[in-house]
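Below: one structure, written as structure tokens.
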Amino acid sequence: MSPRGRTAAASEDPQWRKLPLDNLTLTKKEGFGSFAEAPAAAHPEAHTRAQLKGLGEQALACYNDDRNRWHANMKPVRTKEVDLLHEHLNEIFNASLRQGRQQAKSAAAIDAFPGLGKTTAALAFAKDVHNRLIAKDGRFTAAGHERWPVCRVGMTGDTRMKDFNWALLEFFAHAGRNSGTANMFAYQALDCVTSCETKLIIVDDLQFLHFQSKSGTELSNHFKFIANEFPVMLLFIGHDLRGKGLYLDHQLERRVTPLGLEPFRIEDEQGRLQWRSLLLALEQRLVRAEKYPGMLADDLFARTTGHIGSLMTLLMRACERAIRTGEERVTRELLSRIRLDAAAERLRAEWEVALQSGTKTSRPARLKGTAT
Ligand SMILES: Nc1ncnc2c1ncn2[C@@H]1O[C@H](COP(=O)(O)OP(=O)(O)OP(=O)(O)O)[C@@H](O)[C@H]1O
Ligand SMILES: [Mg+2]
């Protein structure tokens, strides 16, 4: 059977799905596979107050549970910032796919403040790469190995080179990960990456690494080794990576393309329109018996200062409260009772004054004068 014939047949039979292995976390290939291939969740149907009253106690509890789960796990919104980021990532990734083995591969780093959606955007990209390459090349390689286009590793406080390589081996469930030297782990990891035809390695929370420390220098040299020897694109994610010293190494500085994500801003009309269109997109997704006519754009901006992480948390908590109390409406008063992260709460009062006094507005000019 030709390799192509073999991969086509194998792709209909994803054995790993049937194995009783971890499919919950992204630190292992099975978990990543479940995440990447999960079907889109069904949007719970909206019920009127009368329909809610007609549900029995148990049916209502199940329906409310479905709605709360939906709000807590909404699929990422394709904002302009995320689209732009994906465009850059695709360019870098597609070029790295075409580079010859002897060429050092490109790398990128998403460097932005916490809660702006770095991990979410990178995982959406990774999911796309996983599904795209499996659809194109099959679930198994020509040599008969499982194909894993993406590998993801999360850094912790004191990740050293050996720990990093161990995490790569853990992702692939390599049998040799229980003992060996750092170099042995590195070569075993290289073997996994080449056998599984991995094309993208994501290193999340890289801000934990202090590049000027001994282990930091060791690991940044190791990243260069990966770029030289592994046929993959490296994607670093973190906050203040420049400040932490990622680019102090001149070779890495020449290889890594810095990318970012910004909070929503309302200083100009374009920013206000983007904020408004995000709220409209989210409003479509929230499942309550009573919708407000247009989301409370100013209130939501004052509470979140345009940070998508805080916004999603606020909406999730507000909907949970509206459902639990039977209010079924996310009102100004309900929003004001929800507590948020420390950074959002710190900036809240200042922004409430600016927005209420009219010094600032989050409403686009064409909507001024209409009710929100
Ligand atoms: N595009 C998006 N659409 C919907 N929700 C999003 C989007 N981006 C981020 N979120 C929500 O914001 C929260 C924070 O996002 P994420 O964890 O990706 O941020 P981060 O920049 O990686 O933060 P950290 O630096 O703390 O790791 C997530 O829980 C996610 O639900
Ligand atoms: Mg993150």
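For this chain, numbers begin at 1 and follow the sequence in order. All of these numbers come straight from a predicted model, not from anything done at the bench. Indexing begins at 1, ligand by ligand and atom by atom, following the structure's order. Scope of the values below: all heavy atoms of this structure, side chains included, with no hydrogens, waters or symmetry mates.
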*Given side chains that start at C-beta, do those of Arg348 and Val353 come closer than 4.5 Å, heavy atoms only?*
no
*asked:* Which label fits Phe223 and Phe164: parallel for a plane angle under 30°, tilted from 30 to 60°, or perpendicular past 60°?
replied: perpendicular
*Parallel under 30°, tilted from 30 to 60°, perpendicular over 60°: which one fits the rings of His130 and Trp148?*
tilted
*asked:* Within ligand 1, which atoms have a heavy atom of Gly309 less than 4.0 Å away?
replied: 12 (O), 13 (C), 14 (C)
_Any side-chain donor near an acceptor of the partner, Gln251 and Lys224, under 3.5 Å_ = yes
*Before signing off on this row, confirm whether Gly115 and ligand 1 have an N or O atom pair separated by under 3.5 Å.*
yes
*Main-chain N/O of Leu340 paired with Glu345 side-chain donor or acceptor, under 3.5 Å*: yes
*Looking at atom 19 (O) of ligand 1, what's its closest protein heavy atom, distance included?*
Gly117 N, 3.2 Å
*What atoms of ligand 1 come closer than 4.0 angstrom to any heavy atom of Ile308?*
1 (N), 2 (C), 3 (N), 7 (C), 8 (N), 9 (C)
*If we only count N/O pairs under 3.5 Å, is Lys75 in contact with ligand 1?*
no
*List in chain and number order the residues that pass salt bridge (charged side-chain N to carboxylate O under 4.0 Å, His left out) with Glu320, two or more places apart in sequence or in another chain; answer none if no residue qualifies.*
Arg324
*asked:* Check Glu328 with Arg49, please: is the shortest side-chain N to carboxylate O separation under 4.0 Å?
replied: no
*For atom 15 (O) of ligand 1, which protein heavy atom lies nearest, and how many Å away is it?*
Thr120 OG1, 3.5 Å
*Please confirm whether His145 and Phe140 have ring centers closer than 6.0 angstrom.*
no
*Nearest-neighbour protein heavy atom for atom 20 (P) of ligand 1, which is reported as residue plus atom name and distance*: Lys118 N, 3.5 Å
_atom 29 (O) of ligand 1 touched by protein (heavy atom, under 4.0 Å)_ = no
_2.8 Å cut-off (strict), protein N, O or S atoms about the Mg ion (ligand 2)_ = 1
*What part of Met312, side chain from CB on, backbone N/CA/C/O, both or neither, has a heavy atom under 4.0 Å from ligand 1?*
side chain
*Is the shortest N/O to N/O distance between Thr79 and ligand 1 below 3.5 Å?*
no
*Using modelled atom types only, decide if a donor and an acceptor are shared between the side chain of Tyr63 and the backbone of Glu45 within a distance under 3.5 Å.*
yes
*Report yes or no: do Asn64 and Arg69 form a side-chain donor-acceptor pair below 3.5 Å?*
no
*salt bridge (charged side-chain N to carboxylate O under 4.0 Å, His left out): which pairs involve residues 258-267, sequence neighbours left out?*
Glu262-Arg265, Glu267-Lys360
*To the nearest 0.1 Å, how far is atom 3 (N) of ligand 1 from its closest protein heavy atom, and which atom is that?*
Val77 N, 2.7 Å
*May I ask you to list the residues sharing a hydrophobic cluster with Leu169, side-chain cutoff 4.5 Å, ordered by chain and number?*
Trp166, Phe185
*So is there a nitrogen or oxygen of Leu116 less than 3.5 Å from a nitrogen or oxygen in ligand 1?*
yes
